[in-house]
There are 2 protein chains.
Amino acid sequence: MKRKVTLKQIAKDLNVSISTVSKSIRNSSEIGEETRQKVQAYAKLHHYTPNNIALSLKNRKTKTIGIIIPEIVHHFFSTVINGIEHVANENGYNVIICLSDESFDKEVLNMEMLAKGSIDGFIMSLSKETQFKGDFNHITEVINQGMPVVMFDRVTDEVLCDKVIINDKAAAYEAVQSLIDKGRKKIALVTTMDYVSVGKLRTDGYTKALLDNNIAFDENLILKIEDIANSEITISTFLKDKAIDAVFAVNELFAVTIIKTATKMGLNVPNDIAVIAFTDGIISKYSTPTITTVSQRGKKMGAKAAKILINRLESEEEEEGEENYRTEVIATHLIERESTI
Amino acid sequence: MKRKVTLKQIAKDLNVSISTVSKSIRNSSEIGEETRQKVQAYAKLHHYTPNNIALSLKNRKTKTIGIIIPEIVHHFFSTVINGIEHVANENGYNVIICLSDESFDKEVLNMEMLAKGSIDGFIMSLSKETQFKGDFNHITEVINQGMPVVMFDRVTDEVLCDKVIINDKAAAYEAVQSLIDKGRKKIALVTTMDYVSVGKLRTDGYTKALLDNNIAFDENLILKIEDIANSEITISTFLKDKAIDAVFAVNELFAVTIIKTATKMGLNVPNDIAVIAFTDGIISKYSTPTITTVSQRGKKMGAKAAKILINRLESEEEEEGEENYRTEVIATHLIERESTI
């Protein structure tokens, strides 16, 4: 059997990016005509077909769900997988996981690979690079060909499909409000340099909580950290100069580093500085003091995403409509621990 | 296209276990003749063929590696995946991950699914249940049909294939020796109830270090923990009654729980009790005090396993011999942190 040419191969042969090949084949006006024609001619010559899913989908169920996530170093994605696995097993489905490593190209290639007959549908969270590029053709293409996709956590409005999210803004608001309720006046936000969709929403929630409580928003109380491993001096300067009495950190690695730095400076957590982290993982549970967190409920998100996908897969067989996409919002809650009490 | 019957389907239809079906098809004498004949007849009737790999393998490379691991909640397996991904990407290979959830059946089904044309070879670590059952037919079958398998960490002598391990016994020996060198006299071992292969080896290393230093082995200094989340009373009783001055714990979750319990009892870590954990993860790095660990070097194990597999895949194409299996031993080292200094 002759092997079918892939997006990757075309990109390599013509020395252009995968994104360019994908857009050229879809006749996107973003690509110059010369390149478009070259790519299209080459694709035709080599019998490239964008994932021939639709043809075979109705006859051949794999009973397998494909998961594409950015990484698994963070505990959050592990818990999501856990939730998906649980529901999948209950319903007789297998699960296959691929990592995008936050890379657009890897996300596209993994989807292409899995869509070629290995799976019935996708559960995915976007890579940072995909969010940055704003190129979602690989996802809409899969959906257009009849393969359902459920997005979770890092989603985009530009793709019509089922989604499972938490209300990042409301969750951040609740966390900051709880610090205000405890009498904290100088509440800092410690966040990442790059804004993935959720980072922006958490900042909005932080800001809104301050304003609703008539606390002036002060840009100088926002610290953006590039490399947490080498941030001790930055953090200690920040805490000292601004006379911070509370910190809302967008992840638990930031929170534990802030606590360790503050403790070294002779400050007491929570008495001098209260700390809340977004994301509840094992660090928060085992740190000293233990850390108050916003629980993202990864397991619940995963379970819900799997339920939605399996429902859609099984109702497809009954030729039902596919257009009533839903966005499910999972409730978060604050887990109070020693860092704020 | 009619769907081929699977092991799982046969097991379900005949109301026997997957293991029974697998063994019956291989004509294993472990299964009674009546059952064997019934399964074989049924399999023949439904055209069951044990993963038709060999037929297509030479023509159709997927350039994809399949990983099967017990779970991803522990940081160790995440780091192994990291190492595999890195080498795979460098060599133009994709990676697909499936979890066995420590279940024999899921391990078998995942292998069956992936071996049907999705991947070129496996990198895997055995589930607890598979080790307990001692049934490795699903693995030898895949290998016999020409698909290479590299095992790591949890391996077995009963399967001939490439393996990547650490010397668990030597690593445990080194950790315990370091405690002895620091003048500790009553060194406890805190381990799991069930013996996976590595647990046994770590116990052997602990025992040997004691004996080589003329310290009497005392069974009462070994504590086996079933459920670490509810073990505080067990641990505090153990530490007090035995006047323990050092603990070697087989994982970092045990170690951090011991440290928290000891601290609550008014004991100082490391002054009153020194603690070393097997496995270097994020808990050890961010706990207070930070924890001295034996680094398993997951990333290096993964990278080595991927190199061996890819070498074998690419040399196969040149029709080289496949019988020179190697077992690669990755060196561990002790990362000294605050819990022992």
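For the numbers below, each heavy atom of this structure counts, side chains included, while hydrogens, waters and symmetry mates do not.
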*Asks:* If we define contacts as heavy-atom pairs under 4.5 Å, which of Thr79(B), Val256(B), Ile259(B), Ile96(B) has the most with chain A?
*Replies:*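 Max contact count across the listed options: Ile96(B).
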*Asks:* Can you name the nearest heavy-atom pair linking Lys61(B) to Leu313(B), along with the distance?
*Replies:*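 Reported closest heavy-atom pair: NZ-O, 4.2 Å.
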*Asks:* For Thr234(B) and Ser231(B), test the side chains for any donor-to-acceptor distance below 3.5 angstrom and give the result as yes or no.
*Replies:*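 Per modelled atom types, Thr234(B) and Ser231(B) side chains form no pair under 3.5 Å.
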*Asks:* Under a 4.5 Å heavy-atom cut-off, does chain A meet the side chain of Ile283(B), its backbone, both or neither?
*Replies:*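 Contact with chain A is through the side chain of Ile283(B) alone.
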*Asks:* Tell me which one of Asn89(B), Val87(B), Asn82(B) satisfies side-chain contact (heavy atoms from CB on, under 4.5 Å) with Glu85(B).
*Replies:*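 Filter result, single survivor: Asn89(B).
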*Asks:* Does the side chain of Glu252(B) pick up a donor-acceptor pair with the side chain of Thr279(B) at under 3.5 Å?
*Replies:*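 There is no such pair between these side chains.
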*Asks:* Between Lys8(A) and chain B, with a heavy-atom cut-off of 4.5 Å, which part of the residue counts as in contact: side chain, backbone, both or neither?
*Replies:*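 For Lys8(A), the contact with chain B is made by the side chain alone.
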*Asks:* Among the options Ile72(A), Thr288(A), Ile97(A), pick out the one with the most heavy-atom pairs lying under 4.5 Å from chain B.
*Replies:*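 Ranked by contacts with chain B, first place is Ile97(A).
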*Asks:* At a heavy-atom distance under 4.5 Å, which candidate from Leu253(A), Asn110(A), Thr257(A) has the highest pair count against chain B?
*Replies:*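 Looking at each of Leu253(A), Asn110(A), Thr257(A) in turn, Leu253(A) comes out on top.
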*Asks:* If you count every heavy atom of other residues, nucleotides or ligands that lies below 6.0 Å from Lys285(A) atom NZ, does the total exceed 12?
*Replies:*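 Count not over threshold, so no.
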*Asks:* Relative to chain A, which of Asn94(B), Thr64(B), Leu114(B), Leu109(B) shows the most heavy atom pairs under 4.5 Å?
*Replies:*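 Winner by heavy-atom pair count: Asn94(B).
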*Asks:* With no hydrogens and no angle check, just 3.5 Å: does a side-chain donor-acceptor pair link Glu232(B) and Ser236(B)?
*Replies:*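 Short answer, no.
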*Asks:* How close do Met301(A) and Phe76(A) get, counting heavy atoms only, and between which atoms?
*Replies:*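 For Met301(A) and Phe76(A), the tightest heavy-atom pair comes out as SD-CZ, 3.7 Å.
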*Asks:* Is the closest side-chain donor-acceptor distance between Ser295(A) and Asp280(A) under 3.5 Å?
*Replies:*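 On atom types as modelled, these side chains do not qualify, holding no pair under 3.5 Å.
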*Asks:* Just so I know, are the side chains of Lys260(B) and Lys264(B) near enough to count as touching, which here means a heavy-atom distance under 4.5 Å?
*Replies:*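 Side-chain contact under 4.5 Å: no.
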*Asks:* Which bit of Val95(B) is near chain A, if near means a heavy-atom gap under 4.5 Å: side chain, backbone, both or neither?
*Replies:*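 Backbone of Val95(B) only, per the 4.5 Å heavy-atom cut-off to chain A.
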*Asks:* Of the backbone (N, CA, C, O) and the side chain (C-beta and beyond), which part of Thr263(B) lies under 4.5 Å from a heavy atom of chain A, both, or neither?
*Replies:*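 When you check distances to chain A, no heavy atom of Thr263(B) falls under 4.5 Å.
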*Asks:* Between the side chains of Thr292(A) and Thr340(A), does any donor sit under 3.5 Å from an acceptor?
*Replies:*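 The criterion, which ignores hydrogens and geometry beyond distance, is satisfied for Thr340(A) and Thr292(A).
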*Asks:* Side chain, backbone, both or neither: which part of Lys106(B) has a non-hydrogen atom closer than 4.5 Å to chain A?
*Replies:*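 Just its side chain gets close to chain A.
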*Asks:* Which heavy atom of Glu102(A) sits nearest to which heavy atom of Lys128(A), and what is that distance?
*Replies:*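 Minimum heavy-atom separation between Glu102(A) and Lys128(A): OE1-N, 2.7 Å.
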*Asks:* What part of Ile67(B) lies closer than 4.5 angstrom to a heavy atom of chain A: side chain, backbone, both or neither?
*Replies:*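 Contact with chain A: none, neither part.
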*Asks:* Write down the atom of Phe254(B), the atom of Ala249(B), and the distance for their closest heavy-atom approach.
*Replies:*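 Shortest heavy-atom separation between Phe254(B) and Ala249(B) comes out as CB-CB, 3.9 Å.
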*Asks:* Sort by residue number and list every residue of residues 265-274 of chain A having at least one heavy atom under 4.5 Å from chain B.
*Replies:*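 Listed by number: none.
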*Asks:* Please state whether the side chain, the backbone, both or neither of Ile81(B) comes within less than 4.5 Å of a heavy atom of chain A.
*Replies:*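 The side chain, not the backbone.
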*Asks:* Sort Leu99(A) into side chain, backbone, both or neither according to what part of it lies under 4.5 angstrom from a heavy atom of chain B.
*Replies:*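 Both backbone and side chain.
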